[in-house]
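Let me begin by presenting the structure, written as structure tokens, before commenting on it.
All values reported here derive from a predicted model rather than from experimental measurement.
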There are 2 protein chains.
Amino acid sequence: MQLEDIMQSADRPLASQRSEVGKIRRKNEAEILRAATLLFSKNGFQGVRIAEVAEEAGLPKANIYYYFTSKEAIYTGILRKLISGWDEALEEIRADREPREALEAYVRAKLDYGRRNPEESRLFAAELQSGGPFLSDADREHMREATDKRVTIVEGWIANGRMRPVNPRHLFIILWSATQFYIDSDKLACDALRVPEMTDDDYQDAAATILETVIGSVIPTA
Amino acid sequence: MQLEDIMQSADRPLASQRSEVGKIRRKNEAEILRAATLLFSKNGFQGVRIAEVAEEAGLPKANIYYYFTSKEAIYTGILRKLISGWDEALEEIRADREPREALEAYVRAKLDYGRRNPEESRLFAAELQSGGPFLSDADREHMREATDKRVTIVEGWIANGRMRPVNPRHLFIILWSATQFYIDSDKLACDALRVPEMTDDDYQDAAATILETVIGSVIPTA
DNA sequence: CAATAAACTGACCAGATGGTCAGTCATTGA
DNA sequence: TCAATGACTGACCATCTGGTCAGTTTATTG
């Protein structure tokens, strides 16, 4: 987490001189990011006023601008942190594992990450769904490479006959969208479907259903 | 489509007197809604200025307010139209049909509707995902009932042994989120997954994958 | 205990944006 | 042809909001 990148560089002209960032600074920046993440995930970039962020963070508005150069800097700062989470779950998919085991681990990792970081997760998904206007080309490229790598692995499994022939990208789409749906489920769409508050049991249930219906069908019962 | 509801009622004090709404009015209102839908679906409620809507519709801003009382009125007007689309696809799920056939028809109907109305579809999904702040209680209740009805049907199929025992709500979640993902797929998330422009073939492929992986696994091979 | 740097903040500003309105032009029905 | 109503619009306004800044307070350090 390189907070420096999203800070006013002018504020710390000689960063190398003091390896330790001020305690107050560290605390307040974290608090601002927390508040901003919460609000951005709910209302999107345009739907949030920095005055709100300030209030949520318990700081005067001008103080926000002491730590961050702009509203956009806060947003992209959050986003950068999340890119690394994108492939965290994907790491589970390795050629040396059994397909069922690997896909299962992926689903559980994704659900688990979302469970632990619901705001961040929703923020990231919303950013993707709106076309990623704040993602850099490098970010996109990174995500594409991470995906391509796993597609190749799945193709290998299929070639080995360890998986039924299925379009790997479409498989990932189903897994990604389904898990994301559960993560965002404290929102209304689930209200309509009457899956109200997601409890631990519900998450288990969700994972089980995805595993059975999706994964189960692409793995031949040896 | 009752446009009257979202119009300035003061403009037509005696609606009953003339059953035919002015041609110009009809045309311009439709044009405004089209423009607004396009923009709202891209940028969300907060992300759109009515000046943009005006430009997109090719009308001066003040003219927008001649037809609609407020920005919110335009938005909720669009939304109301969409509620009816919510169950259009769900209609396919009827107790008298074969489960596989019904679920397949549902997926194809949903994909097809999204294909034909991508903006509306995305707008609606975004509204749901942000917690439906502009949906009325009646709208929510309507959606819940529509879902409940189909859950009962699926439960019946399971009781009859025509479907494997699966949580029906979770099954719908997987189907809904997966299809929605494809509909929104001209956006970045698919860029990362390298499923670029969705062609007709891609839609066929998507439908096939969903059918195979999800539906295929819940229907016992008699 | 200076003195230097970090942390903080009330007050302010420029531009944007939703919305209004008084008045003009166009259409239509008698 | 002539009201009367519908359609339209330039100009305007109140408010909001991202962002600035000059100056003050608090912490750190030699």
State whether the number of non-hydrogen atoms from other residues, nucleotides or ligands found under 6.0 Å of B/E55 atom CD is greater than 12.
-> no
Would you please confirm or rule out a distance under 4.0 Å between OP1 or OP2 of C/dC8 and any side-chain N or O of A/Y66?
-> no
Is it true that B/E29 and B/R34 have a side-chain N and a carboxylate O under 4.0 angstrom from each other?
-> no
Whole angstrom value for the distance that separates P of C/dT17 from CG of B/L39 = 13 Å
Find the distance A/N63:CG to C/dC8:C1' and express it as a whole number of Å.
-> 5 Å
Write down the distance between CZ (A/R25) and P (D/dT28), rounded to a whole number of angstrom.
-> 14 Å
Stem regions touching DNA chain D, defined by at least 3 consecutive Watson-Crick or wobble G-U pairs below 3.5 angstrom | C:1-30 with D:1-30
Grab the CG-P distance between B/N43 and C/dT17 for me, whole Å please.
-> 12 Å
Counting only side-chain N and O atoms of A/Y67, is one of them less than 4.0 Å from OP1 or OP2 of C/dC8?
-> yes
For B/E52, which residues count as a side-chain hydrogen bond (donor to acceptor under 3.5 Å, both in side chains) partner, sequence neighbours excluded?
-> B/R49
Go along nucleotides 11-24 of chain D 5' to 3' and tag each nucleotide: B for a protein heavy atom under 4.0 Å from its base, S when only backbone or sugar atoms are that close, - otherwise.
-> ------SBBBB---
B/N167 vs B/L171 side-chain heavy atoms within contact, under 4.5 Å | no
With sequence neighbours left out, the residues meeting side-chain hydrogen bond (donor to acceptor under 3.5 Å, both in side chains) with B/T179 are B/K110
Looking at residues at least two apart in the chain, or sitting in another chain, which of them share a side chain to side chain contact (heavy atoms under 4.5 Å, CB included) with B/A178?
-> A/I174, A/S177, B/I210
How many Å lie between CG on B/L59 and C1' on D/dG10, as a whole number?
-> 15 Å
B/Y75 OH to C/dG18 C1', straight-line distance once rounded to whole Å = 17 Å
Can you name the side-chain hydrogen bond (donor to acceptor under 3.5 Å, both in side chains) partners of A/S136, sequence neighbours left out?
-> A/D139
Give the rounded distance in Å between these two atoms: CG of A/N28 and P of D/dA27.
-> 12 Å
Could you state the atom-to-atom distance from CD of B/E52 to P of C/dA16 in whole Å?
-> 13 Å
Do NZ/NE/NH1/NH2 and the carboxylate oxygens of B/R116 and B/D112 come within less than 4.0 Å?
-> yes
Determine whether B/R25 and B/Y66 make a side-chain contact, defined as any pair of heavy atoms from C-beta on separated by less than 4.5 Å.
-> yes
Considering only side-chain heavy atoms of A/I24, which listed nucleotide, D/dT9, D/dA7, D/dA27, is closest?
-> D/dA27
